[in-house]
S.K.: 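Handing you this structure, nothing more for now.
One is the number of the first residue; the rest follow in order along the sequence.
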Amino acid sequence: MAPAAGRGAGRWQRRLFAAGSGVLAAAAALAVAELFAGLVRPEARPVTAVGGAVIDRTPIAVKDWAIRTFGTADKLVLQIGILTLLALFAVAVGLLALRSLRAGAAGAALFGVFGAVTAAGRPGGSAPDAVPSLVGGVAAVVVIVLLVRTLRPGGPPAGSEGPEDAPAAAAATDRGVLSALDRRRFLRAASVAAAASAGSGLLGNRLLSTGDAEAEAARDSLTIPRPGDPAPALPPGADLEIDGLAPFTTPNKDFYRVDTALRVPRLDATAWRMRIFGRGVERELELSYRDLLDRELIERDITLTCVSNQVGGPYVGNARWIGVPLAPLLREAGVRPPSEGGPADQLVARSVEGMTLGSPVDTVMDGRDAMLAVGMNGEPLPFRNGFPVRMVVPGLYGYVSACKWLSELELTTFDDFDVYWVERDWAVRAPVKTMSRIDTPRGFATIPAGTVPVAGVAWAQHTGIDGVEVRVDGGEWREARLAPAPSDDTWRQWVWEWEAEPGSHRLEVRATDSSGETQTEERVGTVPDGATGWHSVVVTVD
């Protein structure tokens with residue numbers, strides 16, 4: 001090879017190895033942080049903390065787009081994006097270290113400092129949450145320095161491999177060519193760093209998995225007591241059992257999940273505690289999971305809806321919940337609603353992962369079946385749906401009521417405290433809007449001519465659905481047949497028999513609630529307090 005070509009190839013080879021050094025340093029940081037997060041808590045992982053911060057600062061429109069586009073995989077996509085950006089940053093740090101080892105080390109340290117500040121500063125974060133990222137940053141600095149020193153002229157003494165190799169190595173370095181000796185040193189150091197990182201990561205994962213396994217075993221051993229006030233049997237025909245129609249009771253595995261937690265908390269119910277305190281509380285209460293199970297439990301069928309649900313969207317589900325009535329619990333603490341002269345008008349629910357949701361005190365104490373739920377469809381709450389305890393308040397969107405992984409209830413005022421979503425421009429109060437959805441036939445389906453059941457669900461929790469109408473191609477509205485429902489707090493199934501004729505057709509649906517209010521045709525997005533508009537589908541009839 002010509003000397004110039006050899007120097008050029010050598011420079012590119014060094015750059016390639018330097019970029020790899022940066023990636024190995026980042027991997028070491030994440031692995032060591034994983035180990036220390038196993039000693040602190042899972043939420044202290046750098047990717048989890050940074051991902052949570054990204055969610056906190058993401059504009060509402062982008063969040064809505066992510067939910068619509070990726071559904072429940074939105075968090076996985078976010079984590080992949082964070083790791084991709086980290087890898088690019090790591091490559092840049094490695095190349096920088098080749099030019100200036102001090103600057104490269106500072107770049108590696110910056111990763112740890114950023115993760116530490118983010119972890120400690122998140123809602124629910126504390127100083128110990130910074131430790132994994134800081135230690136991970138130190139590991140990154142050590143790895144980048146050790147690896148890049150083997151690639152830089154004047155790196156490890158040439159004689160360290162044996163006196164006979166020194167002249168050749170020095171000459172190769174001068175020409176810019178990465179010698180066989182340099183490569184051996186680099187690969188040996190890289191192998192040690194990779195092995196140490198893998199060991200740290202595996203050990204950290206084992207620690208975290210052990211905690212998860214213990215929590216899962218504790219949940220599996222639980223038996224929810226038979227509620228003293230059970231739900232009545234579903235009225236005959238509540239589930240129309242039509243192909244393609246959502247079942248009346250949503251199975252736990254299919255129940256929607258929308259939240260900001262990158263990692264589903266897995267809490268040990270035996271160690272769980274919840275505190276009730278704040279303005280107007282005469283007797284602060286601290287309750288264990290067993291304390292709740294020992295109380296009078298109620299069982300109710302209740303439909304929950306996410307405010308991020310677009311017209312016709314999937315983020316609504318109905319379940320049979322078991323829990324402790326919330327209003328009597330608050331009265332036990334001495335709480336009076338504002339309508340009775342109480343000083344607090346907002347009940348702030350806090351999750352173990354830092355989320356805050358605010359519900360009107362008058363609403364949760366007005367006689368509706370607001371509860372601290374411990375069971376869902378006959379079993380303890382699934383982890384992803386809030387185990388061990390969550391709030392359920394019929395008639396309110398989840399972002400102002402349905403706090404999962406509950407840890408605290410604070411009585412305060414709307415003037416004194418803005419909860420998480422209100423700080424991000426969502427409405428303070430958010431009663432569920434009347435809505436209906438066509439489940440079958442699906443949009444853009446091709447169906448045979450003849451009698452076709454057009455079916456779906458409609459909901460107006462705590463108000464009730466009084467009627468559903470369907471029309472074809474903008475024609476006359478036709479009344480659908482409503483299935484019975486056990487209460488106004490659940491959705492209702494509906495069906496209309498359509499004599500379908502060949503061609504392309506547009507089906508629309510609208511519902512009227514029990515107050516006589518018919519849902520509006522006006523299409524409005526989810527921000528700030530829920531979407532409106534008629535759901536429609538276009539189908540082709542053969």
S.K.: Does NZ or CZ of R350 lie under 6.0 Å from the centre of the six-membered ring of F417, at an angle within 45° of the ring axis?
M.R.: yes
S.K.: In sequence, state the C-alpha distance, the side-chain angles, and the governing distance for T305 and Q461, and then conclude on side chain to side chain donor-acceptor pair (under 3.5 Å).
M.R.: CA-CA 9 Å; T305 312; Q461 292 96 305; 2.8 Å; yes
S.K.: Aromatic rings F17 and F186: how do their planes relate, parallel, tilted or perpendicular, breaks at 30° and 60°?
M.R.: tilted
S.K.: Quick one: do Q13 and R183 satisfy side chain to side chain contact (heavy atoms under 4.5 Å, CB included)? Show the steps, please.
M.R.: CA-CA 10 Å; Q13 197 173 47; R183 287 194 296 271; 3.8 Å; yes
S.K.: Just how far is it from atom CG of L207 to atom CG of L202, taken to the nearest 0.5 Å?
M.R.: 11.0 Å
S.K.: Test E379 against R219 for salt bridge (Lys or Arg N to Asp or Glu O under 4.0 Å), laying out the working first.
M.R.: CA-CA 10 Å; E379 64 177 80; R219 178 187 176 277; 2.7 Å; yes
S.K.: Roughly how far, to the nearest 0.5 Å, is the OG atom of S351 from the CG atom of L267?
M.R.: 8.0 Å
S.K.: Are the side chains of P265 and F383 in touch, meaning some heavy atoms are under 4.5 Å apart?
M.R.: no
S.K.: Please report the closest heavy-atom contact between A373 and W321, naming both atoms and the distance.
M.R.: CB-CE3, 4.1 Å
S.K.: Tell me, do W426 and T526 make a side-chain contact under 4.5 Å, heavy atoms counted?
M.R.: yes
S.K.: Taking the side chain as every heavy atom from C-beta outward, state whether T303 and V316 have any pair of such atoms under 4.5 Å apart.
M.R.: yes
S.K.: Taking all non-hydrogen atoms of both residues, which atom of A87 and which atom of V23 are closest, and how far apart?
M.R.: O-CG2, 4.4 Å
S.K.: Report yes or no: do Y420 and D56 form a side-chain donor-acceptor pair below 3.5 Å?
M.R.: yes
S.K.: Would you say F111 and V93 make side-chain contact, with heavy atoms under 4.5 Å?
M.R.: no
S.K.: If only side-chain N and O atoms count, and only distance matters, is there a donor-acceptor pair under 3.5 Å linking D291 with S288?
M.R.: yes
S.K.: Can you check whether V143 reaches S21 side chain to side chain, under 4.5 Å on heavy atoms?
M.R.: no
S.K.: For E408 and R275, what are the C-alpha separation, side-chain angles and deciding distance, and is it a salt bridge (Lys or Arg N to Asp or Glu O under 4.0 Å)?
M.R.: CA-CA 5 Å; E408 288 184 343; R275 186 165 68 113; 3.6 Å; yes
S.K.: Between the side chains of D415 and T413, does any donor sit under 3.5 Å from an acceptor?
M.R.: no
S.K.: So which heavy atom on A28 is nearest to which on A139, and how close?
M.R.: O-CB, 4.2 Å
S.K.: Identify the heavy atoms of V307 and D529 that sit nearest to each other, and give their distance.
M.R.: CG2-C, 3.7 Å
S.K.: Measuring from atom CG of L287 to atom CD1 of I276, what distance do you get when rounded to the nearest 0.5 angstrom?
M.R.: 5.5 Å
S.K.: With side chains defined as the heavy atoms from C-beta onward, is the minimum distance between M355 and V419 less than 4.5 Å?
M.R.: no
S.K.: Only one of V50, L208, L30, V40 passes side chain to side chain contact (heavy atoms under 4.5 Å, CB included) with R45; say which it is.
M.R.: L208
S.K.: At what distance, to the nearest 0.5 angstrom, does CG of L98 lie from CG of L147?
M.R.: 12.0 Å
S.K.: Look at the aromatic rings of W491 and W459 and report parallel, tilted or perpendicular, splitting at 30° and 60°.
M.R.: tilted
S.K.: Which atom pair, heavy atoms only, marks the closest approach of I438 to H535?
M.R.: N-ND1, 2.9 Å
S.K.: Are the aromatic ring centres of W65 and F70 under 6.0 angstrom apart?
M.R.: yes
S.K.: Can you confirm whether L78 sits close enough to V54 that some side-chain heavy atom of one is under 4.5 Å from a side-chain heavy atom of the other?
M.R.: yes
S.K.: Would you say the side-chain atoms of D439 pair up with the backbone N or O of A246, donor to acceptor, closer than 3.5 Å?
M.R.: yes
S.K.: Would you indicate whether the side-chain heavy atoms of V148 and L101 approach each other to under 4.5 Å?
M.R.: yes
S.K.: Is it the case that S200 and E34 place a side-chain donor and acceptor less than 3.5 Å from each other?
M.R.: no
S.K.: Output, in order, the C-alpha distance, side-chain angles, deciding distance and verdict of side chain to side chain contact (heavy atoms under 4.5 Å, CB included) for W405 and W272.
M.R.: CA-CA 10 Å; W405 313 297; W272 178 86; over 6 Å; no
S.K.: How many angstroms lie between CZ in R263 and NZ in K75, if you round to the nearest 0.5 Å?
M.R.: 14.0 Å
S.K.: Pair T532, V311 - check side chain to side chain contact (heavy atoms under 4.5 Å, CB included), show working.
M.R.: CA-CA 7 Å; T532 65; V311 173; 5.9 Å; no
S.K.: Please find the pair of heavy atoms, one from S133 and one from P46, that lie closest to each other, and give the distance.
M.R.: OG-CG, 3.4 Å
S.K.: Let me confirm one number: the CD-NZ distance from E353 to K404, rounded to the nearest 0.5 Å.
M.R.: 8.5 Å
